[in-house]
Amino acid sequence: MNAAKTRKKKKPNGQLQTSLLIIGSRKYKKATVKALLEEARKLFDVVLFVPISKIKIVCDKGETKLLYKGTDLTKFDACYPRFSINDFVFKEAVLKILDKSDIYVPVSLLAYQISNHKYYTVKELSHAGVPTLVSSLFTSPEAAQESINEFGFPIVLKLISGFAGKGVMLIHDKKELKSILDTVTLYEEFISAQKFIEGVNSDYRYWVIGKKVIAAKRTGKKGEWRANISRGGSAAVLKPDPYMKAIALDASRVLKMDISAVDFIETPTGPAIIEVNFMPGPFKDYLGNEVPKAMVEHLHAVVKRRNMVKGISAEVKELIEKFGKSVKTSSSAE
Amino acid sequence: MNVLLLAGNKTDVISGLKKAFSENRFSKVTYLNIARLNLITKGTKTYVKDSGLNIDDYDAVYMRVKLSFAPFVEPLMDELADKSIYTQIKRGSYYINSNEPLQLITLSQAGVKLAKTAIVADPRQINSMVDNFSYPVIFKSFKGLEKTQAIVLESKKQLSSQIDSLRSKVNCVVVREFIDAPLQQCAVIGDNVFCIERRMTDNGLQELSKGRFVKLSREEKKTVINAAQVCGCDIATVKMAKGHVTEVIPDIKFKVFNKKFSEDFYSLVAENFAKKIGEKK
């Protein structure tokens with residue numbers, strides 16, 4: 001971006017102002033937004049939350065703008081998009097614009113597309129040597145046989161765009177499989193299959209926020225094989241295991257996500273990733289504001305670092321204008 | 001050279017392509033319904049499975065699968081790219097081309113000329129913009145990836161009225177200034193461009209089969225090829241009016257173009273594939 005067009009205001013101490021934009025969905029959980037905004041106001045000079053329903057994209061005379069009440073949103077220092085997979089058509093367009101702008105965004109369009117696709121996530125991570133479960137993807141009952149040959153029963157079927165444990169089914173035999181597949185293919189859904197790990201109704205969530213990692217263990221309610229809190233499960237905060245921490249950081253790096261939540265299960269051969277979340281919830285009942293605080297601190301740290309670079313460039317430019325090209329650097333000074 | 005024709009049900013187009021590939025130096029030409037495929041990821045490898053299929057046998061895959069299959073096709077295309085198997089559509093492109101607003105942004109950001117366009121999630125946001133357009137405009141609404149409506153609106157009043165009258169839930173609305181010029185529908189096959197011009201009649205846009213052949217200027221041809229490339233396609237239909245691109249579709253109407261140009265477009269595709277495979281080797 002042209003520095004002249006985006007002249008940033010300086011604070012009395014000479015440092016550049018910092019600004020944060022948070023974009024959320026229409027049906028955004030207000031508690032999480034509130035916590036993020038509360039933390040953001042402690043660190044950022046300008047903080048704005050914009051519901052995605054209020055955003056306009058305009059393509060005109062060769063320019064593509066992301067607008068809210070006439071303001072070009074790409075002029076902010078950082079943006080944290082908190083998007084679910086619902087209504088993704090417009091969200092993908094927004095992320096595409098953010099990707100190409102100068103604004104810092106901790107997650108990209110590609111990260112959104114891959115992390116919201118349960119099989120694609122596993123595939124990318126697996127190829128990078130990150131431990132995951134053997135998984136398959138198919139679109140028809142006819143193709144399911146290859147997966148059954150691979151995994152045997154019981155098998156876990158996942159609709160690739162499901163979340164919060166929805167669209168995840170445990171199938172015990174061929175009859176159950178046929179019934180489910182016939183229903184699912186009627187709606188042209190895509191199905192990922194994995195081997196079921198017996199005796200495990202708990203998993204681990206590792207939030208990765210920059211280089212910081214926060215961990216919790218989730219346990220499903222009695223009789224429920226999924227561990228999601230939204231399905232009646234509970235959580236306990238943990239000290240991150242060094243090995244799982246390293247895997248979680250690796251997974252986020254592979255998917256190019258500076259903020260994510262990595263879900264693991266224990267298998268006979270060690271922990272394996274089952275999914276990576278683009279829009280992780282903060283488990284407020286167990287962690288208070290720790291996750292939103294860490295998110296905002298990370299965003300602020302990145303903006304400060306980027307501003308330092310911009311600040312130096314602006315100062316050097318000023319010196320050159322004042323003294324001409326004969327300005328010496330410290331390395332060549334006598 | 002060997003090519004796999006990956007599609008939904010077998011159609012006349014697939015049969016035409018199969019014949020053309022066979023007659024153009026391709027010794028093995030196989031049609032497969034994509035519904036038969038399985039992708040299985042184990043460790044650092046992904047296997048493309050159908051009983052008896054060995055994907056490594058093929059130099060190229062002609063992908064003729066509907067765009068709504070993007071969630072299956074995209075991971076598959078990764079595998080094909082990693083094995084240096086040529087496809088006429090690049091990875092990432094199914095996602096781009098299945099989402100019209102995303103396609104428009106992609107084109108705009110790449111400097112492809114578009115008519116003035118507004119895109120919103122909530123149609124009511126358009127109300128504050130009605131004065132900003134020249135009329136008529138084209139109004140499109142989407143529910144998921146599916147287009148629920150596409151109509152021409154002649155005035156601010158009609159646009160406001162259209163927004164107020166939306167009954168069913170929509171996730172996205174695109175409003176674009178209408179370019180008062182014939183629509184140029186171009187078939188792009190590599191560096192070759194063939195254009196049929198369709199005029200507006202009293203009954204709406206002329207059918208493609210009734211349009212007339214036009215020769216594009218060098219600049220227009222460059223625009224069309226660029227638009228196809230930006231959308232990741234070596235073979236595509238690019239729609240344009242007065243130099244403004246309106247849409248890119250990763251497929252062509254073979255039957256109409258074959259008849260209109262007295263050319264065998266199936267053969268042109270096969271030749272293009274042979275050329276691309278040769279370039280890779």
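Convention: sequence-line order gives letters A, B, ...; per-chain numbering from 1. Atom set for the values below is all heavy atoms of this structure, side chains included, hydrogens, waters and symmetry mates excluded. Bear in mind the structure is a predicted one, so any value in this text is a computation, not a measurement.
With hydrogens and angles left out, the side-chain atoms of A/Ser126 and B/Thr41 include no donor and acceptor closer than 3.5 Å. Judged purely by distance below 3.5 Å, without hydrogens or angles, the side chains of B/Ser128 and A/Lys56 pair a donor atom with an acceptor atom.
Both the backbone and the side chain of A/Glu92 come within less than 4.5 Å of a heavy atom in chain B. With a 4.5 angstrom heavy-atom cutoff, B/Gln103 does not touch chain A via any of its atoms. In this structure, chain B has a heavy atom under 4.5 Å from the backbone of A/Ile55, while its side chain stays farther away. When heavy atoms are compared at a cutoff of 4.5 Å, A/Lys91 does not approach chain B at all. For chain A, the nearby part of B/Ile34 is the backbone; its heavy atoms alone come within less than 4.5 Å. Heavy-atom distances place no part of A/Leu67 under 4.5 Å from chain B, backbone and side chain included. For A/Ala144, the part lying near chain B is the backbone, with the side chain staying farther off; criterion is any non-hydrogen pair under 4.5 Å. For B/Lys143, no part lies under 4.5 angstrom from a heavy atom of chain A.
With chain B as the partner, the residue from A/Phe88, A/Phe138, A/Tyr119 showing the most heavy-atom pairs under 4.5 Å is A/Tyr119. In terms of non-hydrogen atom pairs under 4.5 Å with chain A, the most contact-rich of B/Ser98, B/Ser108, B/Gly111 is B/Ser108. Comparing B/Ala118, B/Gly43, B/Ala35, B/Pro75 by how many heavy-atom pairs each has under 4.5 Å with chain A, the most go to B/Pro75. No other option in B/Thr106, B/Asp78, B/Val112, B/Leu114 has as many heavy-atom pairs under 4.5 Å with chain A as B/Asp78. Per-residue heavy-atom pair counts under 4.5 Å with chain B were compared for A/Gly129, A/Ser135, A/Pro131, A/Ala93, and the maximum is reached by A/Ser135. When each of B/Asn38, B/Leu102, B/Thr46, B/Asn132 is checked for heavy-atom pairs under 4.5 Å with chain A, B/Asn38 comes out on top.
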(request) Please assess B/Asn171 against A/Phe90 for the test side-chain contact (heavy atoms from CB on, under 4.5 Å), listing each intermediate value before the final yes or no. (result) CA-CA 7 Å; B/Asn171 309 125; A/Phe90 185 72; over 6 Å; no

(request) Under the side-chain contact (heavy atoms from CB on, under 4.5 Å) rule, what do A/Val89 and B/Leu145 come out as? Steps first, then yes or no, please. (result) CA-CA 7 Å; A/Val89 168; B/Leu145 293 171; 3.7 Å; yes

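The structure places OG of A/Ser53 at 7.5 Å from CZ of B/Arg124, a figure rounded to the nearest 0.5 Å. Taking OG of A/Ser147 as the reference point, atom CG of B/Leu39 lies at 9.5 Å (rounded to 0.5 Å). Once rounded to the nearest 0.5 Å, the distance linking CD of B/Glu74 with NZ of A/Lys123 reads 10.5 Å.
Scanning all heavy atoms of the two residues, the minimum distance from A/Phe190 to B/Ser68 falls at CZ-O, 3.4 Å. Across every non-hydrogen atom of B/Gln109 and A/Lys100, the tightest pair is O-NZ, 3.4 Å. Scanning both residues, B/Tyr95 and A/His117, for their nearest heavy atoms gives OH-CD2, 3.6 Å. Heavy atoms only, all atoms of each residue included: A/Ser140 and B/Arg36 are closest at OG-N, 4.5 Å. For the pair B/Lys42 and A/Val134, the tightest heavy-atom approach, listed with the atom from each and the gap, is CG-CG1, 3.3 Å. Closest approach of B/Ile40 to A/Ser136, counting heavy atoms only: CG1-CB, 3.7 Å.
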